[in-house]
Amino acid sequence: MYATVGDNAGESAANDLLPPGLGAVMFNALTSITRARRSPRLSSENRFGGNRFWGEISARTWQRCVIIAGVLLLSVVVAGNISLPLAAVTIALPVGIAVVLNFLFKPYLGPLALVVTGLLANIGTSNNFNPTVLLLVFLAALWLFDLIVHKQLLEAYQTRPVRPLLYLMGVTFLAFVIGQLHWFSVPPAPLDAQLAGVAVFVLSGSAFLMVAVYIRELRWLQWMVWLLVIIGSIYLLGRVPRPIRAVMSFFPWGSTSCLFFLWFTAHVFSQLLLNRSLGTVRLALLAVVLGASLYAVLVQTYDWKSGWIPVLVVMAAIVGLRWPRLLVFMGIAGLLMSPFLISKLISGDQYSYSTRVDAWRIMFDIIKVNPIIGLGPSNYYGYSALYSIRGYSVSFNSHNQYIDLVAQTGILGLACYLWFFWEVGKLGWRLRHRVPEGFAQAYLYGSLGGLCAMLVAGVLGDWVLPFVYNVGLVGMRSSLLGWLFLGGIISLERLYGDQTIRSDQAGEAISEYDADLIAGGRQLEAAIPQN
């Protein structure tokens, strides 16, 4: 029996705080959830990913929460005299608890939810406090709580790319403290803008770590990719050949930036090129949506150079990484064509290029005040108004991710940023002969190609780490895609890091362990006398 003296006392206290009848229902709701948490079904044998995670919440808990919410709603209707705020709280509380427990017991659903909300959730009263940021704050808090409870902080730290990422976060906090000093005659940015700048670094890194720590089955990486492909295809269906307002209204501003096209093209192209397990129909569909994506950036928005240049880079990077010998020919062709292409691109947008160069000169004058640790998140925007650009004293941003990093977090921040991407790229390069053919191999090369294109996009002014006074936190709708998919490389390391892929005569990829078993079986079969 679960009922005890303490339970009865708790029920009495709940009745004292809530309207008659509701206290008992609320107390029973929490008690049922606690019982589910203590259920043998959630023992260490059933935990997702071994003894490191809490396991999956039972369907019975969801059923209880739905029933409890219905009972609460009926109680409110019958009572009639309850206030509207209290009614909303009492109805939403069981559902909210169920949602929290669902993400806590099934943390691998968090990255999937971020992909969907980032591209489709067009709600909220503020661009900065959009559903993507709010959901990421919530998931990051649960992730940190789970790591502390299960003492996995040191385990997560063992993966090489995690160290520079944590250093980058630490440098950001240090720059925030240093940024409170008055480096110029004007005060630093408002505190909320500075905290938003810190949040960009911390939340982006948290998205990477959540995938790296929690996704330990290949199927969840598949869900991430196909959700992006399906949602992106719907967007392109509403845009190509001409925009359909009814479809486009589902995609909020900031969700379909350059980084969306970059990662959409990366995974569509890599799966089309390398995933031989897909049937003819799926390959044909991928070819169609790839053509629609290229048409959107190369034809419909050709003037948007920071849109189509990273897309072409990601495709070239995937081909070059998969077949390194082609890199020689691609490098020679690039060297021969680059002077012509660069001059043509600059001449086609001379004013934008020249104003950016002027802005970078002023940025260097601002940076030299404190080049090691920077001026703090978001602060340089206000300082830029002290300088005259083209005869105007206005605030502006750098339009360059790398100059922006040095201005906010100094040379130390830029070094940690580049170190992080170097470690991720090096890890992915080591895994290329270990992941099996099919989806995993296509995912790896697509993510490595996306990494290369992200580095190029940062030069063009597309925000891998959004700047508060430019695109703002709304830019995290699409910038998070890169951090999520790069975190998947760590998941592949956990899955295949200790395997060496061989190929038998039929061309099927098998692990070293399976190859040894097959070889031993053949030797045993040969040793058995035949009748």
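- In plain terms, the two heavy atoms of Ala440 and Leu492 that are nearest each other are O-CD1, 4.1 Å.
- Ile309 is not listed as a side-chain neighbour of Leu312, based on a closest heavy-atom distance of 4.5 Å or more.
- Shown here for Ile403 and Ser398, the closest heavy-atom pair between the two residues is CG2-CB, 4.0 Å.
- Separation of atoms CG (Leu236) and CD1 (Ile231) is listed at 12.0 Å; rounding is to 0.5 Å.
- With respect to Asp462, the side chain to side chain donor-acceptor pair (under 3.5 Å) criterion is satisfied by exactly one of Ser479, Ser306, Ser478: Ser306.
- Annotation: side chain of Gln408 is not in contact with side chain of Val468 (no heavy-atom distance under 4.5 Å).
- Under a cut-off of 6.0 angstrom, the local environment of CZ in Arg282 is sparse, with at most 12 non-hydrogen atoms contributed by other residues, nucleotides or ligands.
- The shortest side-chain heavy-atom distance between Val289 and Leu285 does not fall under the 4.5 Å cut-off.
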- Task: Decide yes or no on side-chain contact (heavy atoms from CB on, under 4.5 Å) for Leu109 and Leu112, but give the supporting numbers first.
- Result: CA-CA 5 Å; Leu109 296 180; Leu112 306 183; 4.1 Å; yes

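- Using bins of under 30°, 30° to 60° and over 60° for the plane-to-plane angle, the ring pair Tyr443/Phe439 lands in the tilted bin.
- Judged by a 6.0 Å distance limit and a 45° cone about the ring axis, Arg432 is positioned over the six-membered ring of Trp429.
- Annotation for Pro466 and Val471: closest pair CB-CG1, 3.6 Å, computed over non-hydrogen atoms.
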- Query: Would Leu321 and Tyr445 count as a side-chain contact (heavy atoms from CB on, under 4.5 Å) if you check the C-alpha gap in whole Å, the side-chain angles of each, and the deciding distance to 0.1 Å?
  - Reply: CA-CA 7 Å; Leu321 291 170; Tyr445 282 105; 3.9 Å; yes

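- Counting heavy atoms from C-beta outward, Phe173 and Val202 have side chains that approach closer than 4.5 Å.
- Other residues, nucleotides and ligands contribute only 12 or fewer heavy atoms inside 6.0 Å of the CH2 atom of Trp223.
- Summarising the geometry, atom CZ belonging to Arg163 is positioned 8.5 Å from atom CD belonging to Glu423; distances are rounded to the nearest 0.5 Å.
- Note that CG of Leu444 is 11.5 Å distant from CD of Glu493, once rounded to the nearest 0.5 Å.
- Under the 3.5 Å distance criterion, the side-chain polar atoms of Gln401 are matched with a main-chain donor or acceptor of Leu465.
- The backbone N or O of Glu217 lies less than 3.5 Å from no partner atom in the side chain of Ser491, so there is not a single donor-acceptor pair.
- Leu114 has its side chain within reach of Leu135: a pair of non-hydrogen atoms, C-beta onward, lies under 4.5 Å apart.
- Note that the CG atom of Leu136 and the OG1 atom of Thr117 stand 9.0 Å from one another [nearest 0.5 Å].
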For residues 258-274, please give each side-chain donor-acceptor pair under 3.5 Å, one per line with the distance, not counting sequence neighbours.
unit_1, atom_1, unit_2, atom_2, d
Thr265, OG1, Phe261, O, 2.7
Thr265, OG1, Ser293, OG, 3.2
Ser270, OG, Ala266, O, 2.9
Ser270, OG, His267, O, 3.2
Ser270, OG, Ala442, O, 3.1
Gln271, OE1, Asn275, ND2, 2.7

- Message: Does Thr409 form a side-chain contact (heavy atoms from CB on, under 4.5 Å) with Tyr417? I'd like the steps, not just the answer.
- Response: CA-CA 10 Å; Thr409 61; Tyr417 179 84; over 6 Å; no

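- Taking both residues in full, the closest heavy atoms of Pro161 and Leu427 are given as CG-CD2, 4.2 Å, listed atom of the first, atom of the second, then distance.
- Scanning both residues, Leu412 and Val171, for their nearest heavy atoms gives CB-CG1, 4.2 Å.
- For the residue pair Trp463 / Asn470, a side-chain donor-acceptor distance below 3.5 Å is found, with atom types taken as modelled.
- Rounding to the nearest 0.5 Å places CG of Leu455 at 7.5 Å from CG of Leu418.
- Taking OH of Tyr108 as the reference point, atom CE of Met224 lies at 15.0 Å (rounded to 0.5 Å).
- Using a 4.5 Å heavy-atom cutoff, the side chains of Val459 and Tyr402 are in contact.
- Between the side chain of Arg356 and the main chain of Leu460, a donor-acceptor pair closer than 3.5 Å is present.
- Not one N or O on the side chain of Trp308 forms a donor-acceptor pair closer than 3.5 Å with the backbone of Leu294.
- Here the side chains of Leu451 and Leu486 are in contact, with some heavy-atom distance below 4.5 Å.
- Within the 4.5 Å cutoff, the side chain of Leu119 has no heavy atoms near those of the Tyr235 side chain.
- Trp483 places a side-chain N or O within 3.5 Å of a backbone atom of Val464 that can act as its donor or acceptor partner.
- The two residues Arg494 and Ala212 make their nearest non-hydrogen contact at NE-O, 2.9 Å.
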